[in-house]
Amino acid sequence: MSLNVEHHESRVLPSEKPVRLLDNAGHALRGPETGGFELPATETLLELYRRMVIARRFDVQVTALTKQGRLATYPSAYGQEACEIGVVSAITADDWFFPTYRDSIALLTRGLEPADILQSFRGDWHNGYDQRAHRTAAQATPLATQALHAVGLAHAARLRHDPIVTLTYLGDGATSEGDAHEAFNFAAVWQTPTVFLVQNNQFAISTPLSRQSHATTLADKAVGYGMPGYHVDGNDVAAMYAVATAAVDRARAGGGPTLIEGLTYRIEPHTNSDDPTRYRQGREVEHWKRRDPIERLEKYLVSEGALTDEVRAEIGEAAEALAARTREAMNEQPELDPLELFDHVYSTPRTALAEQRAALEAELAAHRTEEEVTAR
Amino acid sequence: MSLNVEHHESRVLPSEKPVRLLDNAGHALRGPETGGFELPATETLLELYRRMVIARRFDVQVTALTKQGRLATYPSAYGQEACEIGVVSAITADDWFFPTYRDSIALLTRGLEPADILQSFRGDWHNGYDQRAHRTAAQATPLATQALHAVGLAHAARLRHDPIVTLTYLGDGATSEGDAHEAFNFAAVWQTPTVFLVQNNQFAISTPLSRQSHATTLADKAVGYGMPGYHVDGNDVAAMYAVATAAVDRARAGGGPTLIEGLTYRIEPHTNSDDPTRYRQGREVEHWKRRDPIERLEKYLVSEGALTDEVRAEIGEAAEALAARTREAMNEQPELDPLELFDHVYSTPRTALAEQRAALEAELAAHRTEEEVTAR
Amino acid sequence: MSRTATERAADAAAAAAQPMTMAGALNAALRDAMEADDRVVVYGEDVGPLGGVFRVTDGLQSRFGDERVWDSPLAESGIIGTAVGMAMYGMRPVVEMQFDAFSYPAFEQIVSHVAKMRNRTKGRLELPMVIRIPCAGAIGGVEHHSDSSEAYWAATPGLTVVMPSNPADAYSMLREAIDSDDPVVFMEPKSRYWSKASLELPVRTEPMNRAKVVREGTDVTLIGYGPTVRTALDAASAAEAEGLSVEVVDLRSLSPFDDETVSASVRKTSRAAVIHEAAQFGGYGAEVAARLTERNFFHLAAPILRITGYDIPYPSPKLEEHYLPTPDRVLDALASWEWDLA
Amino acid sequence: MSRTATERAADAAAAAAQPMTMAGALNAALRDAMEADDRVVVYGEDVGPLGGVFRVTDGLQSRFGDERVWDSPLAESGIIGTAVGMAMYGMRPVVEMQFDAFSYPAFEQIVSHVAKMRNRTKGRLELPMVIRIPCAGAIGGVEHHSDSSEAYWAATPGLTVVMPSNPADAYSMLREAIDSDDPVVFMEPKSRYWSKASLELPVRTEPMNRAKVVREGTDVTLIGYGPTVRTALDAASAAEAEGLSVEVVDLRSLSPFDDETVSASVRKTSRAAVIHEAAQFGGYGAEVAARLTERNFFHLAAPILRITGYDIPYPSPKLEEHYLPTPDRVLDALASWEWDLA
Ligand SMILES: Cc1ncc(C[n+]2csc(CCOP(=O)(O)OP(=O)(O)O)c2C)c(N)n1
Ligand SMILES: Cc1ncc(C[n+]2csc(CCOP(=O)(O)OP(=O)(O)O)c2C)c(N)n1
Ligand SMILES: [Mg+2]
Ligand SMILES: [Mg+2]
């Protein structure tokens with residue numbers, strides 16, 4: 001599958017109606033709504049389904065653990081699985097991924113261990129996985145900053161003639177930041193192999209999209225950079241995957257960056273410490289729950305006879321196993337070494353830090369002695 | 001005159017061919033190239049001509065004075081008069097203007113005194129005019145930052161129900177800055193009465209447009225904010241004035257912001273300390289000199305019989321008088337009081353600053369005594 | 001027994017006084033400032049219906065409408081840059097940066113414009129604006145949520161930088177900051193948001209540019225601001241048990257620095273330590289130590305100590321306890337001096 | 001008379017040695033680093049055909065091609081942010097911020113990522129990148145062209161901050177910065193760009209994290225960095241005429257601070273002053289004074305002085321002479337002490 005020719009050759013406005021391959025009842029669509037994209041093969045969709053189900057189970061589990069106080073915070077992606085999983089599934093293990101705090105489930109799909117993903121949210125250390133090994137950057141908190149890293153890394157790879165692609169996620173709110181603009185622009189000017197996914201979940205914490213942008217679609221922004229932009233139904237994993245795959249292919253072939261907007265909805269609060277009743281109606285949430293991305297694909301797969309009870313059971317088991325592994329991991333409280341605080345700041349050792357480290361070491365030793373004395 | 005209806009109601013790509021009302025030979029155009037804009041009345045054009053001629057004389061004079069060392073630096077707008085004068089002429093004295101370092105001649109048109117405009121370039125003080133009295137902000141150096149000020153001020157005026165408009169200029173290079181993006185976005189979301197003029201003079205110091213943007217036109221950026229964008233021949237003052245007037249009217253009527261790109265060329269070096277031979281061909285400069293905005297309008301006005309020898313002579317005299325006033329002003333070396341350095345930092349007095357002021361005062365007094373002693 | 005007028009007034013005050021958190025006091029200050037002056041507007045990320053992530057702007061939008069209080073797009077440079085324009089037009093914007101680290105995108109607007117506008121225009125254009133920054137750590141925040149940015153602002157001429165440590169000051173200083181014709185960086189220690197005091201509004205404490213001796217003592221001066229005033233007071237109480245008389249100064253204003261009050265205390269005690277959460281190297285404590293030493297060198301019995309965070313990025317939640325300057329660490333530092341206690 | 005090998009080598013060196021400006025030395029360092037390591041790339045605003053507004057990158061693009069040296073779009077956060085990505089991939093980007101004040105849009109990328117990446121990833125991801133910043137004033141620059149931003153960077157844990165004062169150090173330290181696995185903020189004093197020295201390349205001076213005693217003396221230590229080393233040396237010569245023996249230390253590295261070298265000097269002389277262009281309040285000199293006092297209090301005969309810019313925004317060209325710490329001002333400060341000269 002390849003992107004429409006027009007998008008290569010000239011500037012075209014993204015369609016106002018989002019690109020969609022499956023409607024909410026799980027029926028395959030034809031005609032202009034598909035934007036010329038083809039429905040992925042059933043086995044591909046089944047695999048996406050599997051990943052989404054597992055991802056959601058994980059997400060629900062972590063939210064529960066967070067409520068139990070096991071984690072300091074957790075930004076849920078419940079309801080955004082079509083974006084989260086559909087797009088990250090379009091890149092290979094050799095490609096680099098630049099996620100945000102919201103995108104833990106995409107990391108899971110990328111093969112990272114729950115224990116490693118959640119280290120930062122549990123509060124052990126700011127980042128808990130080997131970025132280079134997984135070709136997955138730390139989940140960025142300062143909004144839109146990671147998009148520039150994705151562009152820079154893509155450019156470096158291009159200079160090295162490595163045929164990799166970088167993929168970065170950002171939120172609707174993050175598109176307002178200067179860094180988003182600079183990332184889009186650098187990518188377009190340098191023609192880097194970068195795919196930007198804007199997950200338009202319609203809220204930035206409490207701030208609705210209408211206070212964030214006056215554009216018809218967020219994909220419209222692509223026009224101003226001379227790059228193709230796609231406005232896609234973000235609850236249709238078939239469409240998300242198809243558009244992302246085309247964008248990734250194009251990037252890998254030297255065709256430059258693409259901006260994809262997935263129109264979706266944040267079902268859960270922003271994080272566990274948020275109170276969405278202050279700024280939105282339960283009705284709206286209910287409306288979007290009825291457009292659940294997993295159910296939509298499920299209906300299609302069932303109608304195609306691809307999702308048998310057997311497969312469903314197998315997926316369910318895998319999901320439960322993962323949830324159990326996640327619980328176990330979060331019930332462990334690894335011993336952290338406070339002295340490690342000093343060990344990674346610089347590669348070149350510093351006397352002042354060594355002094356401070358020694359001071360803390362003495363303090364800890366004194367504390368231990370005190371405890372021993374008290375214990376006796 | 002009003003803007004095309006489509007621009008209000010829906011998103012439309014700016015025309016790839018710049019909007020133009022007079023061709024390079026000074027012939028009035030008809031048809032699609034005009035973008036539906038009408039040629040301003042001849043007396044308006046004559047007034048614009050007058051302003052441009054005076055502006056250029058000033059610009060040439062200041063460049064000469066700078067070469068003579070009278071000024072620390074001067075960024076010339078030679079060749080950009082259609083943008084500089086055409087657009088600023090579309091606002092009233094009650095509106096606010098937010099210029100850059102490049103836009104001295106627009107300030108001149110706005111009625112500011114050469115001596116006041118040039119204070120900063122001569123190095124006396126960072127800003128030399130009463131911004132509030134002239135409703136003209138300081139000429140901004142940090143690129144694109146002033147665009148946000150323009151949006152904020154417009155929003156404040158709107159909240160106060162004052163029917164004013166804010167106009168800000170920025171360069172092609174400045175559109176790459178995060179602040180440009182944030183300004184466009186805030187203006188569109190808040191629907192502020194703001195007109196953005198991007199003077200695309202095709203260079204940011206030495207960096208050509210192709211290294212700055214991959215967009216078909218810089219006006220395309222408007223689409224991503226849901227605001228109208230116009231790509232205009234920046235050497236056609238008739239077009240610049242017509243489009244700007246329509247945008248100003250629309251803004252004043254509550255229709256929100258507009259982005260105007262004027263496609264022009266920087267004839268002079270970036271500033272006096274620049275060496276353009278390092279990055280561009282003399283031929284290119286010659287090519288653009290042949291598209292001179294003043295000559296173009298002159299041809300039209302002559303053909304219309306509006307530019308008589310008498311008028312020409314009168315304008316020439318006014319221009320020479322201004323040049324003379326500028327020379328005089330720059331030949332004066334006003335006595336600066338170093339102690340004033342401490343007087344304007346805070347409105348609330350600070351003991352530490354008073355101490356430092358006293359120290360400098362003592363130092364200056366000691367120095368004067370020393371000089372007197374030496375002189376005797 | 002008949003009651004005096006003073007007694008009756010005191011009773012009325014006590015009746016009007018109400019227990020209030022620092023977040024509540026700040027909220028009240030915003031409300032009262034907005035009532036008093038319709039040029040005051042409040043905007044930033046999530047300050048509208050949500051009332052800010054710390055609820056400091058709670059209820060303001062429903063009270064004053066969305067032309068006085070609104071959610072801006074998510075862009076800090078945009079927030080500060082537009083506030084500059086609004087202040088140029090005579091408004092008095094009070095804007096919020098959600099956390100210290102998220103003020104960094106606005107650094108250019110703050111340093112190159114907010115701080116410089118008045119001087120640039122020879123006082124013809126003032127920028128009466130307040131930049132509220134929930135600051136510092138000790139709240140178990142994940143990365144980027146516990147920075148201490150005060151050294152950056154304090155090092156920038158043209159800015160006024162203040163940080164209250166308690167609800168009464170929070171109210172009073174915020175009112176004063178909003179009334180000021182100078183731009184004020186108003187830093188709110190997050191870990192103190194839920195600290196309580198009984199307040200009778202509108203409470204007015206000392207002018208915001210003055211430091212305050214919050215505990216008298218004779219042996220040593222502990223200098224704190226924001227969250228570390230509590231630390232200093234706790235350390236002082238503990239030290240008292242060991243026979244040490246500790247004076248505690250709450251700086252309140254970081255820029256300007258109240259040389260008079262702080263130097264007087266240091267001259268009295270001849271020993272001092274400054275306490276802050278930020279890293280030590282290049283931190284605000286360096287200025288405190290340097291200027292107090294310059295001005296009081298021959299009155300000092302020992303160098304001024306800095307009891308601070310380490311020279312490392314702020315740690316993750318589980319490790320922050322080892323980073324923060326605790327009362328224990330303060331006591332250890334005091335113990336490092338030789339005391340000849342009676 | 002037969003010549004020794006040493007003599008011959010010295011001759012060859014003298015023959016190879018060439019007069020060079022600091023700008024030229026930096027240019028040569030970039031060229032040699034790029035020759036030595038093809039992971040080194042150079043980009044920023046106008047660094048290509050123009051060679052940078054100070055010509056530090058002159059000729060590099062024509063030598064190495066535009067895949068090694070190129071003009072980026074005009075966006076500083078974009079420059080630093082993409083450099084982070086490039087360094088993550090194993091490149092060694094050397095990027096230029098055109099002036100101090102134009103690094104401010106990149107503040108968030110520098111403080112929240114460049115400084116924190118290594119620590120965040122427990123050393124798994126290093127960012128070997130160099131951020132070149134032409135810094136400070138005294139060049140008659142209009143507003144925003146003469147800021148001194150070093151206090152901001154030095155206060156940020158995770159950054160290494162250095163500033164050469166002469167062509168030999170400029171070459172040597174830039175080579176070392178590029179070779180470092182840590183991100184380095186490399187500050188180049190604009191007013192010294194045209195200062196000259198005779199250099200034999202590749203010159204290697206002391207390690208970049210060490211301070212250097214550039215003039216020996218016994219009565220007082222003047223501590224400078226970048227442009228103020230010259231100021232200190234000039235003041236020292238003038239003071240000599242008045243019988244004062246002045247030692248001058250060139251800090252070279254602002255973070256880390258070379259406590260060993262500087263403390264040794266201060267212990268020897270018992271008096272010290274630090275000189276910088278930036279405003280005094282919260283400036284880098286505060287850290288210098290604070291830490292030297294902490295470590296050498298009982299060796300000091302007087303408080304450490306700070307001879308600096310005033311606490312105001314950097315002035316316009318015609319007034320900067322009154323702002324800058326001149327040798328005269330240094331001499332005045334020294335004269336304020338009571339000397340018992342033989
Ligand atoms: C530069 C910056 N400013 C503010 C914040 C605080 N913050 C964290 S998430 C968030 C909302 C982001 O919304 P969006 O980009 O739509 O992503 P979502 O959370 O909806 O996935 C805000 C304001 C931040 N992390 N970084
Ligand atoms: C934030 C910032 N970065 C860099 C600079 C240095 N600088 C001054 S003018 C200029 C080029 C601007 O080009 P453009 O916006 O096209 O305007 P022009 O000079 O062509 O009118 C640069 C890089 C600056 N002033 N501000
Ligand atoms: Mg969102
Ligand atoms: Mg330009």
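All values reported here derive from a predicted model rather than from experimental measurement. All chains are named by letter (A, B, ...) in the order of the sequence lines, taking the proteins before the strands, and each is independently numbered beginning at 1.
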Show me the donor-acceptor pairs under 3.5 Å between chain D and chain C.
residue, atom, partner, partner atom, Å
D/K116, NZ, C/D147, OD2, 3.3
D/R120, NE, C/E143, OE1, 2.9
D/R120, NE, C/E143, OE2, 3.1
D/R120, NH2, C/E143, OE2, 3.0
D/R120, NH2, C/H144, NE2, 3.4
D/E143, OE1, C/R120, NE, 2.9
D/E143, OE2, C/R120, NE, 3.1
D/E143, OE2, C/R120, NH2, 3.0
D/H144, NE2, C/R120, NH2, 3.4
D/D147, OD2, C/K116, NZ, 3.4
D/Y152, OH, C/T156, OG1, 2.6
D/T156, OG1, C/Y152, OH, 2.6
D/G282, N, C/E287, OE1, 2.7
D/E287, OE1, C/G282, N, 2.6
D/E287, OE1, C/R306, NH1, 2.8
D/E287, OE2, C/R306, NH2, 3.0
D/E294, OE1, C/R306, NH2, 3.4
D/E294, OE2, C/R306, NE, 2.5
D/E294, OE2, C/R306, NH2, 3.3
D/R306, NE, C/E294, OE2, 2.6
D/R306, NH1, C/E287, OE1, 2.7
D/R306, NH2, C/E287, OE2, 3.0
D/R306, NH2, C/E294, OE1, 3.4
D/R306, NH2, C/E294, OE2, 3.3

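Residues meeting the side chain to side chain contact (heavy atoms under 4.5 Å, CB included) test with C/A83, sequence neighbours left out: C/Y43, C/P93, C/V95, C/M129. C/P157 pairs by the side chain to side chain contact (heavy atoms under 4.5 Å, CB included) definition with D/A279, D/P313, not counting sequence neighbours.
Residues C/V111 and D/F107 are not in side-chain contact: their nearest non-hydrogen atoms beyond the backbone lie 4.5 Å or more apart.
Note on D/A106, D/A302, D/G285: by heavy-atom pairs under 4.5 Å with chain C, the leading option is D/A302. Contact count versus chain C (heavy atoms, under 4.5 Å) is highest, among D/P105, D/A289, D/A154, for D/P105.
Heavy-atom distances place the backbone of D/I304, and not its side chain, under 4.5 Å from chain C. With a threshold of 4.5 angstrom between heavy atoms, D/L254 approaches chain C through N, CA, C or O but not through any side-chain atom.
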